[in-house]
Amino acid sequence: MQEKENTRDKFTSGLGTLAATLGSAVGLGNIWKFPYLTGANGGASFLLIYLISTLIIGLPIMIAEISLGRSARANAFHTFQELKPERKHWRLTGLAGVMGAFFILAFYTEVAAWVFAYIFKAVTGGILTTDPQAASANFKQLVSSPVQSLLWQWAVFVVIGIIIIAGVSKGIEAVTKRLMPVLFLILTVLCVRGLLLEGAGEGLKFLFSPDFSKLNAGTILTAMGLAFFKLSLGMGTMITYGSYFDDSQNIPKTAFRVMIADLGVSMLAGIAIFPAVFAFGFKPDAGASLLFITVPAVFTALPFGQIFVVIFFLLAAIAATGAMLSLLEVPVAFMSEQLKITRIKSTIITLLLLGLFGSLAALSESSLSGVRLFGKTFFDIYDYFTSNVLMPIGGIAVAIFSGWIFGHDKMITALTNRGDLKNSGIARVTIYLLKYAAPVLILIIMLKGLGVF
Ligand code: TRP
């Protein structure tokens, strides 16, 4: 045990731990998924369900994952074995997480690829138009080009590969610590810009006034799925990051801060986007293309529009990078520790495999646009299956494992740092939510949302 702690890399400071964990949570989920899902599912009523899911399901599970990881100091797969060697099948949960993180990356890196491409195209002027038709044609031109789709995805692989190879403290922590402040700065600028627009009020009203008629089992599942996706849950990510937390780090407090800051980023992203969308007479429910069609068209129309388009996609790229690092770390840590190979080897193997499965998502709108499974493209299958099936199942598994198998006493020990912290009340509420509320709620919402009953 002692030896392992000495050779294993970890986060080196409280601030670095927070930056890395927040870097994982904040991502395209805030800037791409959150605005388009809120836009398409009725604004504030969706927001409300999302907030409730975050508080009573997301937060406890995040705390549980980090605690399990730190208690075991192992990758997502080995964590379950380390904590309960006699219950072998629990390792499958870890394995599912490793695979889940991999399949999220398979489509997430493609959305990040579009973001990277858009920064470049905004700088060169290629996507600057105020005409929605032309904006849509620009996006189609990008996604329907197999060469561009693959090359930009590989550019993303190279960026995240280099940082991951640099290591946990010198790569992930060092990079996120520098990028997170930049992210907040850009977001503030864009928000102020949004609020100063004439007609901004309508965008805010849309975001904050509820339309309950849009709520049904499907939208509730979507809101819960978003809560999972946002806090990087159910896929071994927080377990893996937790294994790099220092013993003195206050886990409930860190998780709470990350949750609040992450919500803040989503709100700010909404405030940066919706007022502009309304001010220029666009529809808020454009779906996944909101980010790539509506946003460039709307921002180009502003004075100094080009600058705003560039920094908007810069923001998205920064957010996406921190999230991808945490996703890539899951299979990389798993492979290098289980197969006892170097980090470099394990990163390269993971990226090569990702090149294979990711290309199926990258080519979903071009070479493979005719190939469908269950009526969905590979891109949509990866997205739907991970958010609506793997993440909830992973969440249930983590809740049950931490609450019932690892058990109450050990969880209390982990959450209070062996009694050093005076937070046993919070710890008890968390464990209660994990044992009873989370598994039941997730199961009901998942089965109902999938149309099982
Ligand atoms: N939370 C990130 C976002 O909102 C995405 C993400 C990173 C993620 N790691 C994850 C989602 C693990 C699910 C599981 O963009």
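Remember, it's 1-based here, ligands and their atoms both numbered in the order they're listed.
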Suppose I only count heavy atoms of [X] and a 4.0 Å limit; which atoms of ligand 1 are within that range?
{"X": "Tyr108", "value": "2 (C), 3 (C), 5 (C), 15 (O)"}
{"X": "Met391", "value": "13 (C)"}
{"X": "Met235", "value": "14 (C)"}
{"X": "Gly29", "value": "3 (C), 4 (O), 15 (O)"}
{"X": "Ser326", "value": "7 (C), 9 (N)"}
{"X": "Ala25", "value": "1 (N), 2 (C), 3 (C), 4 (O)"}

message = Do Lys376 and Tyr384 form a cation-pi contact, if we require the NZ or CZ to be under 6.0 Å from the six-membered ring centre and within 45 degrees of the ring's axis?
response =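 Yes.
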inquiry  = Taking the cut-offs as 6.0 angstrom to the six-membered ring centre and 45 degrees off its axis, would you call Lys84 and Phe406 a cation-pi pair?
reply    =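 The answer is no, since Lys84 fails at least one limit relative to Phe406.
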Residue-ligand contact Ala101/ligand 1, heavy atom below 4.0 Å =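 No, that is not the case, since the closest heavy atom of the residue is not under 4.0 Å from the ligand.
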ask   = Is there a donor-acceptor pair under 3.5 Å between the side chain of Arg91 and the backbone N or O of His78?
value =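 No; judged by distance alone, with no hydrogens or angles, the pair does not exist.
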Donor-acceptor contact below 3.5 Å, side chain Glu65 vs main chain Gly234 =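 Checking the backbone N and O of Gly234 against the side chain of Glu65, a donor-acceptor pair under 3.5 Å is found.
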Write out the residue and atom name of the closest protein heavy atom to [atom], then the distance separating them to 0.1 Å.
{"atom": "atom 7 (C) of ligand 1", "answer": "Ser232 OG, 3.3 Å"}
{"atom": "atom 4 (O) of ligand 1", "answer": "Lys230 NZ, 2.5 Å"}
{"atom": "atom 11 (C) of ligand 1", "answer": "Phe229 O, 3.2 Å"}
{"atom": "atom 12 (C) of ligand 1", "answer": "Thr237 OG1, 3.1 Å"}

Output field: ring centroids [X]/[Y] closer than 6.0 Å:
{"X": "Tyr108", "Y": "Tyr382", "answer": "no"}
{"X": "Tyr432", "Y": "Tyr436", "answer": "yes"}
{"X": "Phe292", "Y": "Trp114", "answer": "yes"}

query = In terms of ring plane angle, is the pair Phe34 and Tyr50 parallel, tilted or perpendicular, where the classes change at 30° and 60°?
reply =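 Phe34 vs Tyr50 ring planes: tilted.
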If you measure every N or O of [X] against every N or O of ligand 1, does any of those distances drop under 3.5 Å?
{"X": "Ile104", "result": "no"}
{"X": "Leu231", "result": "no"}
{"X": "Leu233", "result": "no"}

query = Are Asp247 and Arg73 ion-paired here, with the side-chain N under 4.0 Å from a carboxylate O?
reply =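 Looking at Arg73 together with Asp247, the answer is yes, because their closest N to O distance falls below 4.0 Å.
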